[in-house]
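Take a look at the structure set out below.
By convention in this document, chain letters (A, B, ...) are assigned in the order of the sequence lines, proteins followed by strands, and residues within each chain are numbered from 1. As a basis for the values below, the full set of heavy atoms in this structure was taken, side chains included, without hydrogen atoms, waters or symmetry mates.
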Amino acid sequence: MPVGDKKMIDFKKELNPAQYEAATNPQGPVLVIAGAGSGKTRTIVYRLAWLVEQGIPPESILLMTFTRKAAQEMLTRTEQILGRPLHGTNGGTFHSFAFSILRQNSAEIGFPNGFTLMDRGDCEDVIREVKSNFGFGQKDRSYPKKATLLDMVTKSRNKEVSIDFLLNSEAFHLACYGQEMEQISDGYAIYKKQHGLMDYDDLLFYLEELLSKDEFLRNSLRSRFQYIMVDEYQDTNLVQARIVQHLAGKNGNIMAVGDDAQSIYSFRGADVTNILKFPEIFNDVKIVRLEQNYRSTQPILDITNAILDGAANKFDKKLFTEKTWGKKPQLMIPLSDFSQSTRILDRIIELQKRHGPEEVAVLFRAGYQSYGLEVALKRLGVGYKKYGGLKFNEAAHIKDVLSFLRLVSNPADIIAWQRCLGHIKGVGPKTAQKIANTVISGDINAINKYTQKYSLLKDILADIDGLREKRSSPATSLEVVIPLYTPILVATYPDDYPRREAGLDQLLQIANNYTDLDSFLADMCLDPDQHREEAAQENVLTLSTIHSAKGLEWNAVIIIDLVEDRFPSRKSMHKPLEYEEERRLLYVACTRAKEELILSAPASLYRKNSDFNEPAVPSPFIRELDNYLFDELHESYSGGMNKQQIAAVPSFDTTPRNADSTPNKKNSSAQKLGHCTHKIFGRGKIIDKVDPNKLKINFPGFGVKVIVEDFVELL
DNA sequence: TTCACTTACCTTTTT
DNA sequence: GGTAAGTGAA
Ligand SMILES: Nc1ncnc2c1ncn2[C@@H]1O[C@H](COP(=O)(O)OP(=O)(O)OP(=O)(O)O)[C@@H](O)[C@H]1O
């Protein structure tokens with residue numbers, strides 16, 4: 001018997017009793033609902049290992065996660081535990097799973113010639129096309145932009161509410177466009193269908209359609225996937241939950257895992273009621289709660305609990321840890337976002353010495369917030385990998401090249417035609433469409449007329465036809481397309497083309513991993529992060545958006561730009577539901593830390609329009625925390641970081657100021673508002689009181705500023 | 001219809 | 001200070 005290197009796993013030793021119960025009871029529906037760091041992911045991994053040890057065929061296991069990377073890591077982890085490879089287990093996202101099923105059954109859902117997946121930019125292009133075909137918003141600058149329109153269209157789809165309802169509930173200022181948006185939405189759907197295109201939402205809805213109408217397929221998938229596990233269930237949307245029901249059945253061997261306090265994707269239609277109602281939807285659900293946090297030290301847990309305590313709807317999480325030791329989190333107040341980069345850089349280097357380069361991460365709300373730090377890191381030669389933010393395959397030159405390959409696979413893809421042909425001199429969107437229609441119709445004479453007029457067109461068409469006939473691999477195809485495209489690249493980006501050429505090389509590297517063109521093209525949408533892995537250096541610092549950091553952990557975590565307007569983002573400030581989601585986002589961020597947590601709230605932000613540093617207020621989530629939860633460090637004008645002198649700095653008091661300590665709004669027109677002084681701008685004249693606690697002040701030499709009143713001293 | 005120029009408006013988060 | 005959309009000449 002080839003027992004060989006097979007390890008014996010002591011499940012009882014590796015798991016606590018609740019985890020053990022969840023991992024080793026595979027029959028029937030199970031819900032694991034528990035706080036951050038309580039070992040939910042670990043439970044899934046051990047369940048996988050346990051199933052395989054019991055002799056369950058790996059290919060009868062389906063693992064759904066929120067990124068492919070997460071799935072991959074869990075499978076790798078399982079292999080390590082088992083001490084042998086795991087073949088045939090299906091792990092991925094709902095979207096990638098849906099794609100794999102749909103491409104084999106495309107005719108059944110009305111795509112007899114297959115379909116092409118669109119990324120965000122393609123969808124926006126279609127929206128623009130549809131909008132202008134309707135003639136909506138012509139010459140009207142205030143008309144919602146294509147990005148906004150697409151947001152509303154997909155959000156109404158994901159939340160499964162009408163556009164009117166959506167606008168009334170969360171974008172009231174757009175409510176007057178409801179009728180036209182409804183039309184755009186319909187037009188968008190028709191356009192996609194006509195041109196063999198699908199967006200991310202279509203994958204899910206068509207899969208649902210297929211599962212509900214094709215009983216044979218449903219049953220065969222059900223018997224194929226006997227054991228289903230879904231991670232991060234709090235961030236699934238309604239249609240995903242229905243897909244799970246189709247696949248598992250109400251009595252199926254389904255394990256859902258999640259934490260309602262970590263729901264951070266409602267902006268794209270995720271609905272936390274999925275996890276809360278799970279016990280009602282499935283039969284005889286075994287509910288497992290985990291209460292021990294194995295990740296973080298007590299002081300970090302204290303601050304994360306305090307962040308949740310401020311939530312409008314309380315979470316009943318009582319996490320405890322045995323790591324009762326540990327450093328208090330630090331709140332750093334650099335003088336500006338500019339100096340934040342250097343101060344943080346100092347800390348990174350110090351932390352990496354103690355924890356190792358890979359055990360340090362910098363997290364932020366939005367991708368652009370790390371730009372300053374990235375410049376500083378590059379200057380010092382500190383390696384890093386970045387997750388989140390701008391996507392490699394959304395860069396114009398990558399999309400250009402890919403659009404050639406898309407035409408090989410789907411000639412009906414007008415959006416791709418427009419990209420390809422748009423670079424020919426004298427050809428714009430309209431001509432491109434005409435040419436495309438001619439090519440599709442196969443009218444040789446008409447095609448020849450065009451190729452005579454546009455010499456480049458001849459080469460393009462010949463290459464596309466050639467590649468289609470030879471059924472060339474993705475890499476071979478790129479090797480044909482890139483030389484064709486390079487002159488265009490050089491002409492379009494005269495100062496920038498070397499960098500972009502390098503990007504095309506990287507694309508070629510990725511293409512080498514594929515034999516099938518359609519899989520390659522789909523994965524460029526479904527797994528937009530793989531180029532990062534491709535180029536990633538080992539054992540380096542991580543920079544990541546918080547969304548992309550979900551489920552991960554590091555010894556030391558730094559969160560930057562924790563100031564009002566940036567975190568929470570300005571748009572969420574006045575929308576209670578979004579505001580609460582921002583709070584959970586901060587909770588997710590802080591709970592990534594095992595031993596050290598540093599929060600940074602620069603005292604001023606550089607504003608491009610005024611070309612000045614304007615004072616910034618720490619995030620309300622920070623202001624509302626009790627001071628004993630963290631140590632506060634302020635950057636002095638000489639550059640060092642000092643423990644705060646309580647009296648010398650403004651207090652971040654959340655309680656409204658006493659009315660008599662500030663000028664009275666009621667009489668502001670009649671009454672003199674007086675003067676004040678500010679740390680940076682000096683003495684100024686108060687012009688007006690705006691918001692509940694902000695003042696409009698004219699500082700001689702600096703101009704008019706709006707400043708939170710805590711930051712000025714009234715005279 | 002295309003393209004180069006001008007102007008308005010912001011810059012979440014992701015499959 | 002960068003993109004997206006409108007303007008007007010060719
Ligand atoms: N029973 C246990 N014994 C030892 N370590 C554990 C145990 N359970 C979990 N851990 C460790 O705690 C850390 C957090 O676990 P895990 O990532 O599974 O938590 P999680 O609940 O998925 O967290 P999150 O919701 O934040 O993603 C990991 O380092 C894991 O190895």
[X] [atom1] to [N] [atom2], straight-line distance once rounded to whole Å:
| X | N | atom1 | atom2 | result |
| --- | --- | --- | --- | --- |
| A:Tyr143 | B:dA8 | OH | C1' | 18 Å |
| A:Lys430 | B:dT2 | NZ | P | 8 Å |
| A:Asp523 | B:dT14 | CG | P | 19 Å |
| A:Glu582 | B:dT13 | CD | P | 11 Å |
| A:Lys425 | B:dC3 | NZ | C1' | 8 Å |
| A:Glu129 | C:dA4 | CD | P | 17 Å |
| A:Arg141 | C:dT3 | CZ | P | 16 Å |
| A:Lys69 | B:dT15 | NZ | P | 10 Å |

#### Entry: First encountered from the 5' end of DNA chain B, between A:Ile424 and A:Arg570
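It is A:Ile424 whose nearest nucleotide is closer to the 5' end.
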### Task
Assign each of A:Asp201 and A:Glu578 to its nearest nucleotide of DNA chain B by heavy atoms, then name whichever residue's nucleotide is nearer the 5' end.
A:Glu578
### Message
As a test of reading the structure: which of B:dT15, B:dT1, B:dT13 is closest to the side chain of A:Thr545, going by heavy atoms?
### Response
B:dT13
### Task
State which of C:dG1, B:dT14, B:dT15 makes the closest approach to the side chain of A:Tyr606.
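Minimum distance to the A:Tyr606 side chain belongs to C:dG1.
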### Task
Answer yes or no for this row: A:Phe267 ring on B:dT13 base, centroids under 5.5 Å, planes under 30°.
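Given the distance and angle limits, yes, they stack.
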### Message
If only side-chain N and O atoms count, and only distance matters, is there a donor-acceptor pair under 3.5 Å linking A:Ser441 with A:Thr438?
### Response
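On atom types as modelled, these side chains do not qualify, holding no pair under 3.5 Å.
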### Query
Looking just at side-chain N and O atoms, do A:Lys386 and A:Ser544 make a donor-acceptor pair shorter than 3.5 Å?
no
#### Entry: Whether A:Phe267 and A:His547 hold their rings parallel, tilted or perpendicular, with breakpoints at 30° and 60°
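Correct class here is perpendicular.
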### Query
When the ring planes of A:Tyr191 and A:His195 are compared, do they come out parallel, tilted or perpendicular, using 30° and 60° as the limits?
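Judged by the thresholds at 30° and 60°, the geometry between A:Tyr191 and A:His195 is tilted.
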### Watson-Crick/G-U partner (both atom distances under 3.5 Å) of B:dT2
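Base-paired to C:dA9.
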Base, sugar-phosphate or nothing for [X]? Non-hydrogen atoms, less than 4.0 Å.
| X | result |
| --- | --- |
| A:Phe94 | nothing |
| A:Phe567 | nothing |
| A:Lys391 | sugar-phosphate |
| A:Pro429 | sugar-phosphate |

### Task
Check whether the ring centres of A:Tyr200 and A:Phe205 lie less than 6.0 Å apart, and answer yes or no.
no
Think [X] has a side-chain N or O under 4.0 angstrom from the OP1 or OP2 of [N]?
| X | N | answer |
| --- | --- | --- |
| A:Ser548 | B:dT14 | yes |
| A:Ser569 | B:dT11 | no |
| A:Lys571 | B:dT11 | yes |
| A:Thr67 | B:dT14 | no |

### Query
Would you call A:Asp231-A:Lys40 a salt bridge at under 4.0 Å N-O?
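Judged by the 4.0 Å cut-off on N to carboxylate O distance, A:Asp231 and A:Lys40 do not form a salt bridge.
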